[in-house]
Amino acid sequence: MSTWGVTYAGDQSADSEASGGIEGSGSAGLPALCAQLNRPTETERAAIPRDVDECFRGAADQLTIPCTDVTVTAMDLDAQYRVTTPTELPEGEYVLRCRGSSDTSAPGPTSYVRFPGPASVKPDGDRFVVSFWETTAVTVGGSSSDRAGLGRITIEPTPEGLATGLTHLAAAHHTTAPVRSHPSFREHPPLLEIGTETSVPSAVAAETPDTGIELLVPEALDMLFVAAPLAYYVGATVRVTDCDRPVLRAEEPSIHHEFDGLPGFQHQCAQLLRRAFFLDCQARRVAPDRTCSKALEQLPVDVDSLCDLGPAGRLEQCLAISARDLDALLPDWHLSTYAKPTTDRIGCLPYLLDRLSLVYLPRATELDRDELLDQTLTDAYPARGNTCSSGVLKPELQAGQLHAWLAPGTPIDAFKPVPAAYRNRAKYRTRQNDRLQVSVVLNDDRMCEEHETVSDIYEERAADLPIDVTIHSRLGRSALADVFEAKNDFVHYIGHCDDGGLRCPDGNLDIADIEESNTRTFFLNACGSYEQGLSLVKQGSIAGGVTFKKVLDKQAAKVGTAFARLLVHGFSIERALQLARRRIMMGKDYAVVGDGTYALLPSPKQPAVVRIRGSCSGYTVRCEMLTAQSNGDRYDLPFDGREILNGDSLETNVSASELESVLSSMSLPVIYDGDFHWSEELVGAL
């Protein structure tokens, strides 16, 4: 049994986005809680400092809450604890966040309970039991909101307005302690909306941490955009001043750190965030006697004193460490976004910060035609339609394994989000499907091989998950439009595309002409489907896979089948396509439009990619862990059981028998001799 203040939040897995909202009257919803209160009466929403639509007050000596995830926050302490074992709470004021289960990547129903201690919280299968020593006054709340967090901040479309908004996005942090580096302790930041005057909701202001850290920035949107991730994570108060260079400062302890101007400022911001985040990951602990990690032992830092410092004190220690000593230990960062700093993209920032993306200013060059497509190969094999794409840009990529291009132009090696993609996530959080709806469309009989294979993959996965798979063939324009307008979670289109749209037996369907897309995610495996996919996102979808130019039928089938399998195993759209396109020589023909970090299903518990090469004594295995949704989490390696941070990798040598044993026991994507395989399929070929 745990006692508050003794057990610290640890590296538990976070399987879904840090967001929530009541979806009707789900099992963990407000009605189920109110039914257990004695004489419940409606009370002010401010009674629970969260984004709730309704609050009720009553009395109870025990509450049974059907849910799978409970987090308790001590109102008078700067701490939060995820309940995984029976826990005793002493006197004090507490808020429980109770989150139900979900069959999709979106979180289940969420409600809140506020009460005074002493009390106990005990997990009991798929429910939690809260017991009080005597009949106690309890407040419960819930929200029909389409997002988690603490509301929406209205800001003026000025640098001053954005600075105020950035200051209060840190209200999403449950704590300023090192454990804030774990995704379970960060909610989705409040949304930013453009208005005629700046207005911060009282609940947001109340939850904004006072860290004593200030970030002074010149009056320029580009400065604020690239500073946003660092300011958000360290909880800095952002102020626009007439300074020549940005300055990070604090009074106690005394900090005065001056940055360069642009373009150097963006790189310095990104690197300081990576260092501060890494130190927090190393300092957080699951028990008071946890020893220093090997990584931290290499640095001139005392772990016990680091854990006891406030955010400004830890920042001071971070700035004092030699960059040369610290940077060599940093894991690869998971995501970077290249954003053009305009007012219409300000609303995207909370979504980028929810993923802890780095932000850079976009720079790119026109891509040489030969880099995108080898024309001799295209002429040698049948392809899926005619080219219908414009010039492609080659971004100057910075730190990060995944890259997003939130700017004009068509990028390669980066997914293409648009503001609509982030806004569209809201409507799918409240969709109340008990089962995932997957549609596979074959609009050319010559491509039946891919059609049959991907259909088998989706139906095989349906044996383990609640998935309904519908197979379509030779759909006309109206019928195909109906598929995209229907409430599908994923549509896999196999066919042709040209300048007129997706080819149908009775003509072409231009996605821009459909009324609204209610298809959450998609894969348009057809030539030059980029513009049609972008239209799907603008019409209501979140993200999907597309092509730039001609794709060969056989190669398209390889990509399509690999993508399908990765997707139903919980990989994000971008990560799934990034791996799937390794199966062909011309992988640069494929790209993602929309929010590529979005996953159709919860992230795998081991988001590992294994790279194998032969050695004189057996095999050298390199395991990489990467998910865009849980930066700061730790994962067990499939080979030796050690833990590594998301974004990190570890190399080890194994014998042939050890390799065969591991690959046979689990289903993992494997890169062997540069080619993509699934682990269980590779065993026989080794």
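Only a predicted model underlies this, so the values are computations on that prediction, with no experimental measurement involved. Note that these values count all heavy atoms, side chains included, but never hydrogens, waters or copies made by symmetry.
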Donor-acceptor pair, side chain of [X] and main chain of [Y], under 3.5 angstrom:
X: Ser529; Y: Thr547; value: yes
X: His334; Y: Arg355; value: yes
X: Ser541; Y: Thr519; value: yes
X: Ser679; Y: Leu668; value: yes
X: Asp468; Y: Arg435; value: no
X: Gln437; Y: Lys487; value: no
X: Lys538; Y: Ala512; value: no
X: Glu651; Y: Ser649; value: no
X: Trp405; Y: Ile412; value: no
X: Gln539; Y: Ile514; value: yes

Distance check, rounded to the nearest 0.5 Å: [X] atom [atom1] versus [Y] atom [atom2]?
X: Ile346; Y: Leu191; atom1: CD1; atom2: CG; value: 13.5 Å
X: Phe225; Y: Thr337; atom1: CZ; atom2: OG1; value: 11.0 Å
X: Asp673; Y: Arg613; atom1: CG; atom2: CZ; value: 11.0 Å
X: Ser664; Y: Glu681; atom1: OG; atom2: CD; value: 12.0 Å
X: Glu531; Y: Asp510; atom1: CD; atom2: CG; value: 10.0 Å
X: Leu645; Y: Asn631; atom1: CG; atom2: CG; value: 8.0 Å

Min side-chain heavy-atom separation [X]-[Y] under 4.5 Å:
X: Trp678; Y: Pro669; value: yes
X: Thr597; Y: Tyr351; value: no
X: Ser439; Y: Val491; value: yes
X: Phe676; Y: Leu566; value: yes
X: His403; Y: Asp413; value: no
X: Val568; Y: Phe490; value: no
X: Pro417; Y: Asp595; value: no
X: Arg581; Y: Phe563; value: no

Residues in ring-ring contact (aromatic ring centres under 6.0 Å, His included) with Tyr360, at least two apart? His267, Tyr338
Can you name the residues that form a ring-ring contact (aromatic ring centres under 6.0 Å, His included) with Phe484, not counting sequence neighbours? none
Parallel, tilted or perpendicular: which fits the ring planes of Tyr590 and Phe523, with parallel below 30° and perpendicular above 60°? tilted
May I ask you to decide whether Arg503 forms a salt bridge with Asp498, counting only side-chain N to carboxylate O separations under 4.0 Å? yes
Carboxylate-amine/guanidinium contact Glu680 Arg565, below 4.0 Å: yes
Where is the tightest heavy-atom contact between [X] and [Y], given as atom of each residue plus distance?
X: Ala364; Y: Pro395; result: CB-CA, 3.7 Å
X: Gln401; Y: Asp332; result: NE2-CB, 3.1 Å
X: Leu567; Y: Ala576; result: N-CB, 4.3 Å
X: Pro229; Y: Leu353; result: CA-CD2, 3.5 Å
X: Ala339; Y: Pro362; result: O-CD, 3.2 Å
X: Ile612; Y: Leu659; result: CD1-CD1, 3.7 Å

I'd like to know whether Leu524 forms a side-chain contact (heavy atoms from CB on, under 4.5 Å) with Cys497, so could you lay out the CA-CA distance, the side-chain angles of the two residues, the decisive distance to 0.1 Å, and finally the verdict. CA-CA 9 Å; Leu524 304 182; Cys497 180; over 6 Å; no
Going by atom types only, do Tyr428 and Asp489 share a side-chain donor-acceptor pair under 3.5 Å? no
Compute whether any side-chain donor of one residue and acceptor of the other, for Asn646 and Asp633, lie under 3.5 angstrom apart. no
Steps toward side-chain contact (heavy atoms from CB on, under 4.5 Å) verdict (Lys427, Asn518): CA-CA 9 Å; Lys427 72 175 183 179; Asn518 290 302; 3.5 Å; yes
Identified side-chain contact (heavy atoms from CB on, under 4.5 Å) counterpart of Tyr493 within the set Asn443, Asn525, Leu475: Asn443
List the steps, then state whether side-chain contact (heavy atoms from CB on, under 4.5 Å) holds for Val621 with Arg611. CA-CA 6 Å; Val621 176; Arg611 298 178 184 271; over 6 Å; no
Report the residues that fulfil side-chain hydrogen bond (donor to acceptor under 3.5 Å, both in side chains) with Thr342, sequence neighbours left out, ordered by chain and then residue number. Asp344, Arg345
Take Val418 and Val593 through the test side-chain contact (heavy atoms from CB on, under 4.5 Å) and record every step on the way to the result. CA-CA 8 Å; Val418 292; Val593 292; over 6 Å; no
Heavy-atom count around Arg363 CZ within 6.0 Å, excluding the residue itself: above 12? no
